[in-house]
Protein chains: 2
Amino acid sequence: MHDVGRIAGVSQVTVSRALSDPSKVSPETLTKVMGAVEATGFVPNAIAGALASRKSRLVSALVPSITNVVYSSMVRAFSERLRAHGYQILLSETGFAPEAEEATVVAHLSRRPDAIMLTGIQHTPQARRLLLAAGIPVVELWDVSDSPIDLCVGFHHVDAARAAAEFARDRGYRVAATVTAADERACRRRTGFAERFTRDTGNPVPDFDTGGAASIAAGRQGLAGLIDRHGIGGGLIYCSSDIIAHGVMIEAQSRGLRIPDELAVIGFGDQEFARHLEPALTTVRIDLAQLGQSAADAVLSRLDGQTPPSPVIDLGFEIVARASA
Amino acid sequence: MHDVGRIAGVSQVTVSRALSDPSKVSPETLTKVMGAVEATGFVPNAIAGALASRKSRLVSALVPSITNVVYSSMVRAFSERLRAHGYQILLSETGFAPEAEEATVVAHLSRRPDAIMLTGIQHTPQARRLLLAAGIPVVELWDVSDSPIDLCVGFHHVDAARAAAEFARDRGYRVAATVTAADERACRRRTGFAERFTRDTGNPVPDFDTGGAASIAAGRQGLAGLIDRHGIGGGLIYCSSDIIAHGVMIEAQSRGLRIPDELAVIGFGDQEFARHLEPALTTVRIDLAQLGQSAADAVLSRLDGQTPPSPVIDLGFEIVARASA
DNA sequence: TTGTATGCGTTATCAT
DNA sequence: ATGATAACGCATACAA
């Protein structure tokens, strides 16, 4: 800035002002400064700016996995809205373990983000402490909590699972099983489904835990395991995600099981492919874009010094009844 | 650090040393400092550290879309390797237009990353200039170039498309069309396929441009458009991605066209679902994890002051012959 | 509207 | 092994 100023015939501060708030300098000096900026290819050092202003214009986002469209869609919506307000997103994967998340939280907080978004409400006590001590807006996404760290935008997983169980019951299914990926929220949904279904039908709901991330292969193994171990030959399979459900459907079809007559399937997430499967997948829709936007809005209002009406926003879910169940 | 030092009974500099290089302080003071750090919940300010050391330990990554598994898989591999070496990733979406990318490049360079990864080799002249002037390792991913900005890791898109055309020819297909998403590289592949196929068979290759991002819906529209506008009733469809191919297959099946007998399909990318489709999708495999890792390794070696053997690394591709063509 | 002086919280360079 | 001091490049308060 010093050099740019010398070329433009002004001081370093004037360059700073011209760049950060053009209305604070006269039109002539603005032109001169911009000319010098062009000529030198000067790109301001945001690190120095952040240190001086104590504002990084950086917002952290922590998600379990970036290759999972569910999370990346939320992040996209979250990022776009924040970018429109001049913030950049520092994104990291945390995996599905709170301990791994904690290390990432520390790494992010050291960059002094102006706000931070986390996925879910399960964090280590130390992570909660650090987050609280950071004194910045914190938004927990993809779940609702009774004791949010700060802000919380999501939906009630157990309610969603119960609604699916009731849907299954109302459709007349009396036998059900679940295929669940290794994810705390997926497990909570699985339990919510099983309890409600058992309460309403009297029948136990066996589970297959894929032990890993959601994939078609995991879904196929899930149905195969259910058939081999529990002798499941029909009824309904409640899956922790659409991907798993896709795998279950493929496995069923390869075994000659007709869907939904011999085996019904319910997914979770309503990804694009769900409606295009044959038969189309019955699933639970979550408005990912809305989730991301609301989280961004909540953060922005806090950054603006406002107190949002409610710290926790429940955006709900919707059962999408299609042909697979 | 000053406060931490006071509690530990040492100076601020000693705290800095204890935290950044424990071997530079005595075991006793290390214990005292760490104790004080624990007690206060101190998280070092990486912004100040970056300003003072002129090293941000931040690496930028720019991809067209984060919801596209192709890109997010590469970013995951790239990030993991770099994180293992103490770097964090500042990730942004650029969309598919070089002009939008340029703005993102400026925003990223202002954060003074230690290196930067870009997707593809098409950038505005101004972006190239800024990147060059930044004086940091730059790696262009997902393509190969004769004139890389610095490093380049990818594969030859036209070659991959030609290989697909030759595969189609060898399988005896004489009629072909393409469905292409709005992406410069996809268009280049489309042209490569068409030219080679026409050269070998004498037949023109009509195209349907989806005009937007790849999706199942776009693939369905693509086949529908091809049938309506060009009277395509059979032959082979070369798609710009597996997702598009999936859509084409669904549309074909909904119209009662048998695959591959009445309509053959070739995808691109070999995503997980490709092998599970019915019939399994013939496609072109790109080793995304390897791409990301190699890019990270190239960057790391440059960061280490070494000169990599070759600035451009061609990782190639592989035709995966399955049942759909 | 513009300039001067000061500080942001570290690391690097010396010195002890 | 430890401490004092000076950058790092900008924004803020204040003065002109």
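Quick note on labels: first sequence line is chain A, next is B, and so on, each numbered from 1.
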Inset, instruction - Mind checking B:Val13 for me? I need base, sugar-phosphate or nothing, with any heavy atom below 4.0 Å counting as a touch. - result: base
Legend entry - Nucleotide D:dA11, atom P - distance to CG of A:Leu51 in whole Å: 11 Å
Legend entry - Earlier contact from the 5' end, DNA chain C, for B:Ser53 and A:Val10: A:Val10
Inset, instruction - Would you kindly give the CD1-to-P distance between A:Ile47 and C:dG9, to the nearest whole Å? - result: 16 Å
Legend entry - Proximal nucleotide (of C:dT11, D:dA11, C:dT1) relative to the A:Ser16 side chain: D:dA11
Inset, instruction - Could you work out which one of D:dA13, C:dT11, D:dG3 sits closest to the side chain of B:Ala52? - result: C:dT11
Legend entry - base_contact_polar (C:dG9 base, A:Arg54 side chain, donor-acceptor, <3.5 Å): no
Legend entry - Along DNA chain D (nearest heavy atom to each residue), the more 5'-positioned of A:Gln12 and B:Arg17: B:Arg17
Legend entry - Whole-Å gap separating C1' (D:dA4) and NE2 (B:His2): 12 Å
Inset, instruction - Check the distance between D:dT12's C1' and A:Met1's CE and give it to me in whole angstrom. - result: 13 Å
Inset, instruction - Could you point out which residue of B:Asp114, B:Asp297, B:Asp150 forms a salt bridge (Lys or Arg N to Asp or Glu O under 4.0 Å) with B:Arg302? - result: B:Asp150
Inset, instruction - Among the candidates C:dT2, D:dA11, C:dT10, find the nucleotide nearest to the side-chain atoms of A:Thr14. - result: C:dT2
Inset, instruction - List the atom of A:Val153, the atom of A:Leu291, and the distance in Å for their closest heavy-atom pair. - result: CG1-O, 3.9 Å
Legend entry - Atom-pair distance (CG on A:Asp21; C1' on D:dA11), nearest Å: 12 Å
Legend entry - B:Lys24 NZ to D:dA1 C1', straight-line distance once rounded to whole Å: 11 Å
Inset, instruction - Would you indicate, yes or no, if C:dT1 has its OP1 or OP2 atom less than 4.0 angstrom from a side-chain nitrogen or oxygen of A:Thr29? - result: no
Inset, instruction - Return the value, rounded to whole Å, for the distance between atom CG of A:Leu109 and atom C1' of C:dG9. - result: 16 Å
Inset, instruction - State, without any angle test, whether B:Thr67 and A:Arg76 hold a side-chain donor-acceptor pair at a distance under 3.5 Å. - result: yes
Inset, instruction - Examine the side chains of B:His123 and B:Glu102 and answer whether a donor and an acceptor come within less than 3.5 Å of each other. - result: no
Legend entry - Protein-nucleotide distance (A:Arg6, atom CZ; C:dG3, atom P), rounded to Å: 14 Å
Legend entry - From A:Glu93 atom CD to A:Asn68 atom CG, the distance as rounded to the nearest 0.5 Å: 10.0 Å
Inset, instruction - Using only side-chain N and O atoms of B:Ser11, determine if any of them is under 4.0 Å from OP1 or OP2 of D:dG3. - result: yes
Legend entry - Nucleotide nearest B:Ala48 (side chain, heavy atoms from C-beta), chosen from D:dT12, C:dT10, D:dG9: C:dT10
